[in-house]
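The structure appears right after this line, and notes come after that.
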Number of protein chains: 2
Amino acid sequence: MKLPTSTEWALHCATTLAQLPAEQTVSAAQLAAYYDLPPAYLAKQMQLLVKAGVLTATTGPRGGFRLGRPPARISLLHIVEAVDGTSPPYECREIRQRGLGALSPEECRNTCILAAKMAAAHRAWRDSLAGVSLADILAELPAHAPERTRDKLAGR
Amino acid sequence: MKLPTSTEWALHCATTLAQLPAEQTVSAAQLAAYYDLPPAYLAKQMQLLVKAGVLTATTGPRGGFRLGRPPARISLLHIVEAVDGTSPPYECREIRQRGLGALSPEECRNTCILAAKMAAAHRAWRDSLAGVSLADILAELPAHAPERTRDKLAGR
DNA sequence: GTGGCTATACTCGGATAGTAGCTGTCCGAGTTGGTTCGG
DNA sequence: CCGAACCAACTCGGACAGCTACTATCCGAGTATAGCCAC
């Protein structure tokens with residue numbers, strides 16, 4: 001069970017955008033330089049965030065990405081599931097209905113207990129991430145962080 | 001983020017073994033037939049469970065696998081991490097220390113907030129699975145399940 | 001009849017190919033901003 | 001001097017190779033059993 005490396009990119013880039021004025025846009029190339037990442041592949045991940053509604057993209061000169069919603073309404077779960085997908089890690093393939101020990105369909109009306117426990121664990125994971133918003137992250141950053149981020153992004 | 005398909009196999013096979021008398025051994029071939037799975041690959045996963053101490057293997061005729069500990073002391077987490085590994089899904093590669101926006105090592109004494117939140121979510125997931133033992137699973141099965149499992153495994 | 005030995009069949013254990021999904025890259029469509037030319 | 005049209009550069013968006021890790025398979029080492037032979 002491994003999250004894509006790009007998950008870290010998405011989380012940090014979203015946090016970066018959250019530190020800027022709401023209307024300011026940042027290009028994928030700028031973000032890639034800011035974190036020393038492959039620009040094209042990073043752009044691909046940003047597109048996933050746009051598709052999920054987390055970011056908004058603007059084309060043309062002075063274009064780029066900005067947050068699609070206020071930081072308080074963007075949870076870490078939104079970002080992670082935007083780049084990794086929403087399908088749960090454990091997928092029950094109903095092997096209990098196959099082979100010599102196959103159970104009858106009647107006995108399988110209730111969902112498999114093991115699948116239920118795995119789903120509960122996944123729910124705990126999602127709840128933990130859904131309970132943290134970008135606003136919460138910003139609150140824990142040093143006070144001078146936004147200004148610093150703005151300057152470094154501009155190349156200063 | 002996806003768990004191997006064999007995770008389901010390991011969970012079900014461990015549950016099956018937990019329904020049998022403690023000394024009874026079941027071969028990988030028997031388990032493969034019981035769930036209609038590729039015998040060799042299933043055997044490989046059983047080896048991982050043995051390496052983790054969840055199961056004990058006996059070679060030779062009348063040999064096979066059995067639980068390595070009482071069911072109450074085997075959690076779902078033990079089984080899942082035996083086949084999938086123990087490394088957390090989110091791996092912080094410290095991109096905050098790279099590129100134009102690189103932070104100084106001093107500012108990175110504390111672990112990255114995002115990594116901490118991801119680790120907390122992973123901890124919630126592990127705690128959820130660690131809180132369920134095979135004994136708990138057995139308690140939720142129908143009363144006639146162990147007898148049925150024993151018969152079907154024997155080919156009856 | 002009994003004990004020991006041998007051969008056998010069955011078990012696990014590790015080394016070896018095949019395949020799907022993440023990683024990384026490239027080029028094209030669209031849009032905005034600046035420039036230039038005419039009035 | 002002012003306005004509009006044109007050009008150009010920069011942006012995102014989607015289509016195309018490369019590689020790691022899960023999936024699947026085979027064959028070899030080891031062992032407890034069952035049969036057999038000698039006593």
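Labels below follow one simple rule: chain letters A, B, ... track the order of the sequence lines, proteins then strands, and each chain is numbered from 1. All values derive from a computational prediction rather than experimental measurement.
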Looking at C:dT23, I'd like to know if its phosphate oxygens (OP1 or OP2) sit under 4.0 Å from a side-chain N or O belonging to A:Y41. yes
B:A28 has a side chain; which of C:dG24, D:dA24, C:dC12 sits nearest to it? C:dC12
Nearest whole Å is fine: how far is D:dC22 P from B:M1 CE? 15 Å
In whole Å, what is the span from the CD atom of B:Q47 to the P atom of D:dA24? 16 Å
Taking any heavy-atom pair under 4.0 Å as a contact, classify A:A43: base, sugar-phosphate, or nothing. nothing
Please give, in whole Å, the distance from D:dA15 C1' to A:K44 NZ? 8 Å
Electrostatic pair B:E94:B:R96 at N-O distance under 4.0 angstrom: yes
Within the structure shown, what part of the strands sits under 4.0 Å from B:T5 by heavy-atom distance: base, sugar-phosphate, or nothing? sugar-phosphate
Nearest heavy atom decides the nucleotide; on that basis, is A:K2 or A:T58 closer to the 5' end of DNA chain D? A:T58
Between B:S27 and A:P39, which residue's closest nucleotide on DNA chain C lies nearer the 5′ terminus? B:S27
Heavy atoms from C-beta onward define the side chain here; which of C:dG33, C:dT25, D:dC12 lies closest to that of A:A40? C:dT25
Starting at CD of B:E91 and ending at P of C:dC22, how long is that distance when rounded to a whole Å? 16 Å
When rounded to whole Å, the CG to C1' distance for the pair B:L42 and C:dT11 reads 14 Å
Would you sort out whether A:Y35 and A:H12 count as a ring-ring contact (aromatic ring centres under 6.0 Å, His included), showing the intermediate values? CA-CA 9 Å; A:Y35 286 118; A:H12 277 278; 5.7 Å; yes
Interatomic distance where CE belongs to A:M46 and P belongs to C:dG24 [whole Å]: 14 Å
Give a yes or no on whether a salt bridge exists between B:R126 and B:E81, defined as a side-chain N under 4.0 angstrom from a carboxylate O. yes
For atom CZ of A:R69, decide whether the heavy atoms of other residues, nucleotides or ligands shown that lie under 6.0 angstrom number more than 12. yes
Over how many whole Å does the gap from A:L3 atom CG to C:dG21 atom C1' extend? 14 Å
Taking the nucleotide of DNA chain D with the closest heavy atom to each, which residue, B:P38 or B:T59, is nearer the 5' end? B:P38
Mind listing the closest non-hydrogen atom pair of B:A22 and B:R66 along with its distance? O-CD, 3.4 Å
What nucleic acid atoms does A:A29 come within less than 4.0 Å of, heavy atoms only: base, sugar-phosphate, or nothing? nothing
The side chain of B:P61 lies closest to which of these nucleotides: D:dC10, C:dC10, D:dG13? C:dC10
Take atom CD of B:Q45 and atom C1' of D:dA21, then tell me their distance rounded to the nearest Å. 13 Å
